[in-house]
Number of protein chains: 2
Amino acid sequence: LVTIKNMTKRYPIGNSEFTALSNINLEFEKGEFCGIIGPSGSGKTTLLNIIGSLDTPSAGSTVVLGKDIGNLSEKEAAKLRSRHMGFIFQTYNLLPVCTVYENVEFPLLLINMTPNERKKKVISALEWVHLTDKINSRPNQLSGGQAQRVSIARAMVKQPELVLADEPTANLDAENSRNILDAMVNLNKELQTTFIFATHDEKVITYLKRKIFLVDGKVTSDGK
Amino acid sequence: LVTIKNMTKRYPIGNSEFTALSNINLEFEKGEFCGIIGPSGSGKTTLLNIIGSLDTPSAGSTVVLGKDIGNLSEKEAAKLRSRHMGFIFQTYNLLPVCTVYENVEFPLLLINMTPNERKKKVISALEWVHLTDKINSRPNQLSGGQAQRVSIARAMVKQPELVLADEPTANLDAENSRNILDAMVNLNKELQTTFIFATHDEKVITYLKRKIFLVDGKVTSDGK
Ligand SMILES: Nc1ncnc2c1ncn2[C@@H]1O[C@H](COP(=O)(O)OP(=O)(O)OP(=O)(O)O)[C@@H](O)[C@H]1O
Ligand SMILES: Nc1ncnc2c1ncn2[C@@H]1O[C@H](COP(=O)(O)OP(=O)(O)OP(=O)(O)O)[C@@H](O)[C@H]1O
Ligand SMILES: [Mg+2]
Ligand SMILES: [Mg+2]
């Protein structure tokens with residue numbers, strides 16, 4: 001599904017630059033349920049963003065579903081994302097003028113479906129995250145954890161091939177974290193959905209089948 | 001320091017309303033290091049916001065440092081906050097156009113100090129959170145956990161009487177969480193700074209001297 005070779009990411013800082021990721025070599029197969037673990041600032045979000053074609057490498061290659069991320073036009077990258085990927089962002093990125101229902105429905109608008117088909121999927125996704133009672137709320141009427149759960153429902157509603165989950169339980173209590181992780185494990189088993197997490201949360205780590213450790217932009221360990 | 005009597009908070013929802021906090025009775029004394037613990041949606045942020053005069057109760061009274069929160073003008077509330085309180089928000093609320101230095105310096109601009117006095121305090125606060133190397137970065141150049149640490153430095157730089165910390169470690173790894181909590185414990189011991197946390201994080205809970213459990217807007221337990 002994803003092959004990363006000798007990939008480096010550098011950010012310009014003033015007259016200099018900062019190397020966020022250094023010489024990354026990783027492969028991810030369909031159906032994996034794995035995590036990138038590391039301290040704050042180690043490069044987890046940067047790596048997820050590149051896999052998700054939201055950013056491009058400075059050097060090396062990252063090939064996702066046969067596409068080289070460094071060589072995609074913005075339109076091609078958007079098409080790759082909308083057809084194949086779901087994102088749970090560290091900052092949720094909900095649309096503030098839309099209701100919970102409309103936020104979760106949004107990725108489905110980009111796929112050919114009737115309004116009734118969309119409705120069934122939206123309700124189902126909100127049931128996974130136990131938020132059907134907030135269906136008409138707007139983001140500014142939600143708690144932090146509720147906003148996070150909406151962002152999770154939105155990522156999973158179209159049952160994408162690849163879900164990139166950046167700290168998906170940061171604002172969730174233990175019970176809500178378990179509910180969501182169980183729903184994710186089910187999708188992984190039933191549909192072979194690939195999940196790649198970035199996390200420090202022990203609650204998430206216990207579910208992972210493969211753990212990749214990242215420290216100062218370098219992979220230091222990769223295994224079970 | 002804080003006395004809350006029979007306080008209720010209701011939010012309008014369409015033609016109806018939702019009761020986020022119901023008949024809260026709590027007191028907090030100077031020098032406490034305590035937490036409000038509860039599941040997502042239980043009312044933690046709502047309660048911290050009212051104590052912090054960022055919101056007003058629908059019924060009952062909340063008196064903070066001798067001021068009744070329900071009866072303050074916006075100007076009086078802003079004055080109470082700027083002189084006496086530090087906030088760590090669940091959403092960090094950094095100023096996107098300012099550098100890390102300028103974000104942490106901002107609360108000091110409201111206090112009579114020379115630029116050199118401000119500089120010493122800003123550097124000291126950034127040392128507590130181990131971010132002196134990011135001093136000239138803007139928020140969009142920071143990781144999630146780095147942004148959170150800047151928001152913590154900003155809350156503590158003026159050494160306020162009361163710090164309200166909403167999920168302060170949500171995006172932090174264990175080591176960074178320990179560093180910050182140790183710095184907070186020091187301020188609590190040395191300066192009798194009162195800390196009230198909202199949290200689900202076991203790393204934080206182990207440091208608390210008093211735990212208040214909140215479920216569906218009601219206090220269900222209060223003690224050690
Ligand atoms: N502006 C608002 N309008 C309507 N309802 C609101 C508003 N703000 C919060 N609520 C509701 O009030 C309840 C309590 O919200 P609050 O943000 O205090 O929860 P919380 O305990 O901080 O949760 P979390 O752990 O998820 O951050 C939630 O059900 C939320 O949806
Ligand atoms: N746009 C940018 N410009 C400059 N530096 C950046 C930029 N984005 C990230 N960085 C830096 O790159 C490093 C890695 O950032 P990244 O967001 O990937 O970390 P992370 O592992 O996700 O951390 P966290 O656990 O705190 O979310 C950090 O030191 C960060 O400051
Ligand atoms: Mg991150
Ligand atoms: Mg909250």
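Numbers restart at 1 for each chain; the letters A, B, ... are given by sequence-line order, proteins then strands. Note that the structure is predicted; figures quoted are calculated from it, not measured.
Around CD of B/Glu175, the count of heavy atoms belonging to other residues, nucleotides or ligands within 6.0 Å does not exceed 12. Applying the 6.0 Å contact sphere to CD of B/Gln159 captures more than 12 heavy atoms from other residues, nucleotides or ligands. Within a 6.0 Å radius of CG in A/Asp216, no more than 12 heavy atoms belonging to other residues, nucleotides or ligands are found. Within 6.0 Å of CZ on A/Phe213 lie more than 12 heavy atoms contributed by other residues, nucleotides or ligands. Annotation: A/Tyr207, atom OH; neighbour count of heavy atoms from other residues, nucleotides and ligands within 6.0 Å is above 12. Counting non-hydrogen atoms of neighbouring residues, nucleotides and ligands closer than 6.0 angstrom, the CG atom of A/Asp133 exceeds 12 such neighbours. Within 6.0 Å of CD in B/Glu27 there are 12 or fewer heavy atoms belonging to other residues, nucleotides or ligands.
Only the side chain of B/Asn176 comes within contact range of chain A, judged by heavy atoms closer than 4.5 Å. Residue contact with chain B, scored on non-hydrogen atoms closer than 4.5 Å, is absent for A/Lys203. Neither the backbone nor the side chain of B/Lys44 comes within contact range of chain A, judged by heavy atoms closer than 4.5 Å.
If you take OG1 on B/Thr199 and CG on A/Asp173, they are separated by 11.0 Å, rounding to the nearest 0.5 Å. A distance of 9.0 Å separates CD in B/Gln90 from CD in A/Gln148, rounded to the nearest 0.5 Å. Atom CG of A/Asp166 and atom OG of B/Ser143 lie 10.0 Å apart (nearest 0.5 Å). The CD atom of B/Gln146 lies 5.0 Å from the OG atom of A/Ser40; values are rounded to the nearest 0.5 Å. Interatomic distance, CZ of B/Phe18 versus OG of A/Ser137, reported as 9.0 Å (0.5 Å rounding).
Of all the heavy atoms in B/Glu167 and A/Asn171, the pair that sits closest is CG-OD1, 3.7 Å. In this structure, B/Ile13 and A/Gln141 approach most closely via the heavy-atom pair CD1-NE2, 4.2 Å.
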